[in-house]
Amino acid sequence: MIPFEYPEHPLVRRPGPQGYRQPASFRPWLRDEFSFRCVYCLRREQWDRATSLDVEHFLPSRRFPNQRLAYENLWFACSRCNSAKGDRLIDDPSQALLSHEVIVENDGQIVGRSAEARRIIQALRLNSAEAIHYRRLWIEIIAMAKQFAPDLLLELMGFPEDLPDLSQLRPPGGNTRPEGVAASHHARRRRGELPATY
Ligand SMILES: [Zn+2]
């Protein structure tokens, strides 16, 4: 269990909610699909509820207004990464920021092994002094909790209590991939399949 371990495999979008009139309405779907953490820097909801993690447009909606409500263009990101990205076009993080391409050192530095990963790291300033400090702090907090505070460790590295129940949501345009709901965190918790930490 490592606080900054990027996913092993590229993201394959599971559900496909359609028809909401506002990007914010997709939020519960995105929280679930992006595992309650920022797709770029892995900042987690559980570490700081006051820091907003929110809907992010991969193709900026100002430049691609027809992608404003397209689910595949919506991601889940922290406000720091969202504003660092701005209206720029960048490489796809769900394909480029993977565990074998990106390593976070114990001193908080992030190292990209591929050109795509390095471009994202640079574009989002993931090696700024502030970003390195944030990661180092959390690496040390998690290490301390692992050694001395098992309950705190479960809270910081576990899933939120309020997992969205996607089976109860009714997107106005339906869900093009209804089978994806069974793979949601809420459904997995109900089946006893959700690990205590991730
Ligand atoms: Zn972030």
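Counting starts at 1 for both ligands and their atoms, in listed order. For the single chain, residues carry numbers from 1 onward in sequence order. Computed from a predicted structure; not experimentally measured.
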Item checked: Pairing residues for Pro15 by the side chain to side chain contact (heavy atoms under 4.5 Å, CB included) criterion, not counting sequence neighbours ->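 Pro15: side chain to side chain contact (heavy atoms under 4.5 Å, CB included) contacts with Pro17, Trp29, Glu33, Tyr71, Asn175.
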Margin query: Is the terminal nitrogen or CZ of Arg44 (NZ for Lys, CZ for Arg) located under 6.0 angstrom from the six-membered ring centre of Phe36 and within 45° of that ring's axis?
Written below: no
Next item on the list: Working to the nearest 0.5 Å, report the span between CG of Leu154 and OG1 of Thr197.
Entry: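 It comes to 7.0 Å.
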Check: What pairs meet the salt bridge (Lys or Arg N to Asp or Glu O under 4.0 Å) rule with one or both residues in residues 187-198, with sequence neighbours excluded?
Finding: Arg191-Glu193
Next item on the list: Please indicate how many protein N/O/S atoms are found closer than 2.8 Å to the Zn ion (ligand 1), with waters neither displayed nor included.
Entry: 4
Notebook entry, point to check: Using a distance-only test with no angle check, is there a side-chain donor-acceptor pair under 3.5 angstrom linking Asn73 and His57?
Noted result: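 Not at all, the side chains of Asn73 and His57 share no donor-acceptor pair under 3.5 Å.
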Tabulate below the donor-acceptor pairs under 3.5 Å that side-chain atoms of residues 95-106 make, not counting sequence neighbours, or state none.
residue	atom	partner	partner atom	Å
Glu101	OE1	Ser114	OG	3.2

